[in-house]
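I have placed the structure first, in the form of structure tokens, so that the comments after it can refer back to it.
None of the values given here were measured: they were computed from a predicted structure. For the single chain, residues carry numbers from 1 onward in sequence order. As the structure lists them, so they are numbered: ligands from 1, and atoms in each ligand from 1.
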Amino acid sequence: MLHTDNPTTTDAWKKLEDHFAQLKDQHLRDLFKADPQRFEKFSFEVDGTLYDFSKNRITEETLDLLIQLAEETKVPAAIESMLRGERINATEGRAVLHTALRNFTDQELLVEGENVLEEVRDVQRQMKDFCDRLHSGEWTGFTGKKVRHVVNIGIGGSHLGPQMVTEALKKYQKPDIEVHFISNVDGTDAAEVLRKVDPETTLFIIASKTFTTKETIANAHTARSWFLETAKDEAHVSKHFVALSTNTEAVSKFGIAPENTFRFWDWVGGRFSLWSAIGLSVACALGYDRFEELLRGAEAMDKHLKNTLMRQNIPVLMALLSIWYTNFFEAQSHAVLPYDQYLRLLPEYLQQLQMESNGKTAMRNGEFVNFQTQPVIWGAAGTNGQHSFFQLIHQGTVLIPSDFLAPVNSHNPIGEHHPMLLSNFFAQTEALMKGKTEEEVRAELEKKGMAGEELEQLVSHKVFEGNKPSTSIMFDLLTPHALGSLIAMYEHKTFVQGVIWNLYSFDQWGVELGKQLAGTIEEEILGNKEAEHDSSTAGLIGYYIQKRK
Ligand code: F6P
């Protein structure tokens, strides 16, 4: 069971407030000077990935108090409840078992008397068999040609994970298959993908947990009509369309046969579904064995979460640090900065994972929070971000904690590119931490021969306050295993954070209102219904109806 108390009423929270009052003016530069062992004390290597927390505004006492907070909010019990398959997604009456999808142990995992691991393995065998047939050329299109293009049609969790992973692991891509993604209901998305593919050699994967998501169903119908313009005969659809869903009834109504349907279960949340059949596009792109390596990387992180003391537990520490900055420093956003071009879609993926999970105001006891919850997640690949928004992180008025991620080795070791890239990674985290004092600026300008008013005018513009916290994450090489472990780490961070904030992290009621209103407005625009709106919305709809061609 999960606790239902307001975390601000715990002893730890009060102690953290007092501790914050003492620590808030201490500079990281001084903390490093005072303790030469700071890196050793605050960095951990797990499964080949180094997590360095030492450039965070913490001391050992901060960590002690944060761990006390995790204990008082019963984080260890919550982890057990999740892994055991309890119905911790109470507002939807569901268990939360994405970890079962990457559980390779030979134990049973019973949910309502059924061993869910057996069902998981059945679908995994189906996926493997499908991928093998696709890659060997045994599975052909309606004219007997081998499949060259796979198009994943899905949105949210049925899109962001597969797209991010496919991009991140491009180096492992099978040479003769190209994977594309259609997600947006904007016809441009479908049009631009369909322009690149050929109906004879294209396989469409319709990925939707519910199979009721309007965007996905609209795109699926568009793809089918486009395909039938060439194929003519409905009988050919079975060679070109497969579905990934929990709603097998709706899939068959759409016209996809049971043997072409890869199922999963309501205990897999949309934004945690990458490891289920929703990962089929990844397996098509890389081969099933690589997909399994991704799952095994995630399994290693699950074991770490389960078996490691909180003081060394990476997802727990990541969650606690985020709470430290959000609730005590009042930071409102968090930057994710991958120094690996292959990870350029990671910030977007983490936006859904964290903001859809914990962007909430109602606590588990039904009361509303009196503290901040999820900060905005954003970011971009280094070094591009440095030439865009880093100015604000360095010298702006808001505190933005960040995660820097980089591989020790590059998949593309061209010339000196990788040392150059990593020099920037190290330099940025150092500059954010250290800053540049007025004294240092003056000395620098004087050395350049500047003096008097000319110098005075420049000083304040060149001062960097520093003391900007960052966590550095370094993995050896971006392999499927390393990526699986990293994604699972962020999943568990999200869960732990929600546990402490007393939120239900696995529902997403906040997306419903917009969906409902869009349904009514669509009917109105098509002339089937009339509806009442405020003057702005009515004015905008009227403007659109009047001007559209
Ligand atoms: O945006 C809401 C949401 O339900 C997400 O949580 C989910 O990932 C996405 O829509 C897609 O849902 P489905 O896989 O059911 O089409």
Subset of ligand 1 atoms that lie under 4.0 Å from at least one heavy atom of G157: 7 (C), 8 (O)
Any donor-acceptor N or O pair under 3.5 Å, side chains H334, Q354: no
Chi angles and distances behind the side-chain hydrogen bond (donor to acceptor under 3.5 Å, both in side chains) call for D289, Y172: CA-CA 11 Å; D289 293 349; Y172 300 86; over 6 Å; no
Check ligand 1 against I155 and write out every atom of the ligand that is under 4.0 Å from a heavy-atom position of the residue. 9 (C), 11 (C)
Identify whether the distance between the nearest side-chain nitrogen and carboxylate oxygen of R344 and E167 falls below 4.0 Å. yes
What protein heavy atom sits nearest atom 15 (O) of ligand 1, and how far away is it? T210 OG1, 2.6 Å
Counting each atom of ligand 1 from 1 as listed, which ones have a heavy atom of V511 under 4.0 Å away? 2 (C)
Need the ligand 1 atom indices (1-based, order shown) with element for anything under 4.0 Å from a heavy-atom of T213. 12 (O), 13 (P), 15 (O), 16 (O)
Show the atoms of ligand 1 that are less than 4.0 angstrom away from any heavy atom in S158. 13 (P), 14 (O)
Sidechain N-carboxylate O distance under 4.0 Å for K529, E522: no
NZ/NE/NH1/NH2 to OD/OE distance under 4.0 Å, D47 and K303: no
Numbered in order shown, the ligand 1 atoms found under 4.0 Å of a heavy atom of G156 are 8 (O)
Has E215 got any heavy atom lying under 4.0 angstrom from an atom of ligand 1? no
Please report whether the ring centroid of F227 lies less than 6.0 Å from that of H236. no
Any N or O on T216 sitting closer than 3.5 Å to an N or O of ligand 1? no
Is it true that S245 and R263 share a donor-acceptor pair across their side chains at a distance under 3.5 Å? no
Around atom 10 (O) of ligand 1, find the nearest protein heavy atom and jot down its residue, atom name and distance. K515 NZ, 4.4 Å
Among R271, H159, E356, whose heavy atom sits nearest atom 5 (C) of ligand 1? E356
Check: F130 ring centre within less than 6.0 Å of F262 ring centre: yes
